[in-house]
Number of protein chains: 2
Amino acid sequence: MKQDDAIDAFSALAHETRLAVFRLLVREGPGGVPALEIARRLDAKPSTLSGHLAVLKRAGLVSATRRQKEILYAPNFGSVDALVRFLLEDCCGGDAAACGSLPSIAGAGAEP
Amino acid sequence: MKQDDAIDAFSALAHETRLAVFRLLVREGPGGVPALEIARRLDAKPSTLSGHLAVLKRAGLVSATRRQKEILYAPNFGSVDALVRFLLEDCCGGDAAACGSLPSIAGAGAEP
DNA sequence: TCGTCATTTCGGGCATTGACGAAATATGAA
DNA sequence: TTCATATTTCGTCAATGCCCGAAATGACGA
């Protein structure tokens, strides 16, 4: 992961509606939710939400697939994993044990 | 974690310099690095960097402790952990197995 | 093909954020 | 106390992000 990609992802999540969208999709799981249903559930205007979904998609956080007339949005769990790894890369100069459980758990310490 | 706290954290990380600062501190570990040294290493103006450090601190991502004349900044690993948990909360409606390894690993699925 | 539903694109207007230098504050040493 | 180092605060400027309605596009069924 490049720094710019990480910034795109963090920027995408740094917004009330977009964060709510992503968390909604996470709760729903890989099956996906149609755009208009997301708008309905979050009480957002379809045009505004469409822009937010585009941002999330450009950041790689969600993926979109068409099912008939609808477009289903689903979360991309791998992108979260990559983001955390990037954030904690080379944690504590390689001594991951010094940083608590998450870094080693996420595999973000120095690779042996 | 509240949604607003998560947004503060994501906003803080959604910036080239601030993200570089945080990753630098992660690499350095819990010992901490003085503000001016961070500025020197990242080639940033001290006044500009001071603002960025304040943003990171307000977001709970770093902590500051004074050592003599200097102020040492260190990463707050717990905040990253909380952020990931918040992001993946109730993943896949509780069926964490459906989402890949990270959610269950991070303890972000539905609590049994 | 035609109409309809689902979604996206576009343009305008408002608010927020970021960079920088100069000056202010805080700490330790002589 | 007085000086020097370390860091923060402040004011100004430019740039970016966001919301919304109206219109355009895409896909399906009659």
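So you know, we letter chains A, B, ... as the sequences are listed, proteins then strands, and number each from 1.
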(Q) Give me the atom names and distance for the closest heavy-atom approach of A/Leu61 to A/Ala12. (A) CD1-CB, 3.9 Å
Under a 4.5 Å cut-off applied to non-hydrogen side-chain atoms, are [X] and [Y] in contact?
X: B/Phe77; Y: B/Val26; value: yes
X: B/Leu36; Y: B/Glu70; value: no
X: B/Glu89; Y: A/Arg23; value: yes

Does [X] put a side-chain nitrogen or oxygen below 4.0 Å from OP1 or OP2 of [N]?
X: B/His52; N: C/dA19; answer: yes
X: A/Tyr73; N: C/dT8; answer: yes
X: A/Thr48; N: D/dC20; answer: yes
X: B/Arg66; N: C/dA26; answer: no

Q.
Side chain of B/Ser47, heavy atoms from C-beta onward: which of C/dT7, C/dC20, D/dG29 has the nearest atom to it?
A. C/dC20
Can you tell me how far [atom2] of [N] sits from [atom1] of [X], to the nearest Å?
X: A/Leu53; N: C/dT8; atom1: CG; atom2: C1'; value: 11 Å
X: A/Lys45; N: C/dT7; atom1: NZ; atom2: C1'; value: 16 Å
X: B/Leu49; N: D/dA6; atom1: CG; atom2: P; value: 15 Å
X: B/Ile71; N: C/dT27; atom1: CD1; atom2: P; value: 8 Å
X: B/Leu36; N: C/dT25; atom1: CG; atom2: P; value: 19 Å
X: A/Glu70; N: C/dC5; atom1: CD; atom2: P; value: 13 Å
X: A/Leu72; N: C/dA6; atom1: CG; atom2: C1'; value: 12 Å
X: A/Leu56; N: C/dT7; atom1: CG; atom2: P; value: 15 Å

Q. For B/Glu16, does the CD atom sit with more than 12 other heavy atoms under 6.0 Å from it, leaving out its own atoms?
A. no
**Q.** Contact list for residues 10-44 of chain A, test ring-ring contact (aromatic ring centres under 6.0 Å, His included), sequence neighbours left out
**A.** A/His15-A/His52
Q) So, the side chain of A/Ser11 versus the backbone of A/Ile7: is there a donor-acceptor pair under 3.5 Å, distance only? A) yes
Q. Using rotation axes that map the C1' atoms of four end pairs onto the next four (five pairs an end), what angle separates the end axes of the helix from C/dT1-D/dA30 to C/dA30-D/dT1, to 10°?
A. 30°
Q.
Let's see if you get this right: which residues in residues 11-19 of chain A place a heavy atom under 4.0 Å from DNA chain D?
A. A/His15, A/Arg18
Q. Which of these, B/Arg66, B/Glu37, B/Arg67, sits in a side chain to side chain contact (heavy atoms under 4.5 Å, CB included) with B/Leu72?
A. B/Arg67
Q: Scan B/Lys69 against the nucleic acid and name what it touches under 4.0 Å (heavy atoms): base, sugar-phosphate only, or nothing.
A: base
Q: State whether B/Glu28 and B/Arg41 are salt-bridged, where the test is any N-O pair (Lys NZ or Arg NE/NH1/NH2 against Asp/Glu carboxylate O) under 4.0 Å.
A: yes
